[in-house]
Amino acid sequence: VQLQASGGGLVQAGDSLSLSCAASGSTFSTYAVGWFRQAPGKEREFVAAIGWSDISTRYVDSVKGRFTISRDNAENTVYLQISSLKPDDTAVYFCAAVRTRRNVNYCCTTGQEYDYWGQGTQVTVSS
């Protein structure tokens with residue numbers, strides 16, 4: 001499966017943003033999808049994941065209540081809605097996919113668990 005992340009940009013603190021991860025090349029509905037981010041000088045960090053059927057979702061504690069992950073399997077796309085952006089959210093955001101029917105509450109928070117990666121989209125939040 002090929003992944004294309006988009007939707008990043010330069011925004012101000014407090015703004016909202018919607019990232020998209022468009023997939024092609026396989027039966028996307030059988031994949032769990034995660035979002036990760038990497039800030040300059042920092043390691044890649046798990047942000048959120050959604051299961052193949054979108055029933056299960058999972059977030060890192062620092063984004064709970066501000067980030068919402070969702071998917072539209074008919075459009076082969078996973079979304080990450082971000083609200084109340086903070087300067088600390090500045091990073092390159094990557095989407096990743098793995099073919100699994102596991103509930104993401106029991107998996108899918110480390111990069112090693114994913115087989116496919118998008119190219120990343122830059123989010124920059126100014127204070």
Side-chain angles (χ1 to χ4, degrees):
V1 64
Q2 292 81 44
L3 304 175
Q4 178 87 24
S6 62
L10 174 61
V11 297
Q12 293 188 335
D15 284 352
S16 298
L17 205 59
S18 180
L19 306 184
S20 298
C21 177
S24 61
S26 187
T27 308
F28 187 57
S29 61
T30 61
Y31 288 76
V33 176
W35 283 95
F36 293 76
R37 65 185 180 186
Q38 187 165 21
K42 295 187 177 181
E43 294 187 354
R44 185 176 61 196
E45 173 192 33
F46 167 77
V47 174
I50 186 165
W52 66 278
S53 66
D54 83 12
I55 293 176
S56 64
T57 59
R58 186 172 185 176
Y59 301 90
V60 67
D61 285 346
S62 61
V63 308
K64 285 180 180 178
R66 298 191 300 119
F67 287 29
T68 302
I69 189 170
S70 62
R71 68 189 299 159
D72 184 341
N73 286 336
E75 296 293 328
N76 281 358
T77 303
V78 168
Y79 304 96
L80 186 68
Q81 301 277 356
I82 308 174
S83 62
S84 302
L85 277 155
K86 305 175 181 179
D88 284 349
D89 294 320
T90 294
V92 178
Y93 284 71
F94 299 89
C95 60
V98 58
R99 191 170 186 178
T100 181
R101 292 180 181 266
R102 295 181 68 190
N103 184 316
V104 296
N105 287 296
Y106 304 103
C107 75
C108 310
T109 61
T110 65
Q112 297 91 317
E113 296 176 85
Y114 291 86
D115 296 321
Y116 305 96
W117 290 82
Q119 86 289 2
T121 185
Q122 176 71 48
V123 173
T124 303
V125 185
S126 63
S127 57

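Because only heavy atoms are used, hydrogens play no part in the values below, and waters and symmetry mates are left out as well, while side chains stay in. Quick caveat: nothing in here was measured; it's all calculated off a predicted structure.
Rounding to the nearest 0.5 angstrom, the gap separating the OH atom in Y93 from the CD atom in E45 is 8.0 Å. In this structure, OH in Y114 is found 10.5 Å from SG in C95, a value given to the nearest 0.5 Å. Note that CD1 of I82 and OG of S16 are 9.0 Å apart. Values are rounded to the nearest 0.5 Å. The structure places OH of Y59 at 10.5 Å from CG of N105, a figure rounded to the nearest 0.5 Å. Note that CZ of F36 is 6.5 Å distant from CZ of F46, once rounded to the nearest 0.5 Å. A distance of 7.0 Å separates CZ in R71 from OG in S29, rounded to the nearest 0.5 Å.
Formation of a donor-acceptor pair under 3.5 Å by the S56 side chain with backbone atoms of V104 is found in this model. Of the possible donor and acceptor atoms, none in the side chain of T100 sits under 3.5 Å from a partner among the backbone N and O of V98. Checked by atom type and distance alone, the side chain of Q119 never pairs as donor or acceptor with a backbone atom of Q4 at under 3.5 Å. Side-chain N or O atoms of Y79 include none that pairs as donor or acceptor with a backbone N or O of D72 at under 3.5 Å. Remark: side-chain polar atoms of R44 are not paired, donor with acceptor, to backbone N or O of Q38 under 3.5 angstrom. The backbone N or O of G8 lies less than 3.5 Å from a partner atom in the side chain of T121, making a donor-acceptor pair. The backbone N or O of V125 lies less than 3.5 Å from a partner atom in the side chain of T90, making a donor-acceptor pair. Judged by distance alone, the side chain of R101 and the main-chain N or O of S53 form no donor-acceptor pair under 3.5 Å. At distances below 3.5 Å, not a single donor-acceptor pair connects side-chain atoms of R58 with backbone N or O atoms of G51.
Relative ring orientation between F28 and Y31 is described as parallel, the plane-to-plane angle staying below 30° on a 0-90° scale split at 30° and 60°.
In terms of heavy atoms, A48 sits closest to L80 at CB-CD1, 4.1 Å. The heavy-atom pair separating E75 from T77 by the smallest distance is O-OG1, 2.8 Å. A97 approaches V1 most closely through the heavy-atom pair CB-CG1, 4.4 Å. Pairing each heavy atom of L17 with each of G9, the nearest pair is CD2-N, 4.2 Å. Here the shortest heavy-atom pairing between E113 and C108 reads OE1-N, 2.7 Å. L19 and W35 get closest at one heavy-atom pair: CB-CH2, 3.7 Å.
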Subject >> Intermediate values then yes/no, side-chain contact (heavy atoms from CB on, under 4.5 Å), I69 and F67 >> reply: CA-CA 7 Å; I69 189 170; F67 287 29; over 6 Å; no
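Residues satisfying the side-chain contact (heavy atoms from CB on, under 4.5 Å) criterion with D15, sequence neighbours excluded, are V11, Q12.
Comment: K64 engages D61 in a salt bridge, judged by a side-chain N to carboxylate O separation of less than 4.0 angstrom.
Under the 3.5 Å distance criterion, with hydrogens and angles disregarded, no donor-acceptor pair is assigned to the side chains of S83 and Q81.
In this structure, V33 and L3 have side chains that are not in contact, with every pair of non-hydrogen atoms separated by 4.5 Å or more. Side-chain atoms of D89 and R37, non-hydrogen and from C-beta on, do get closer than 4.5 Å to each other.
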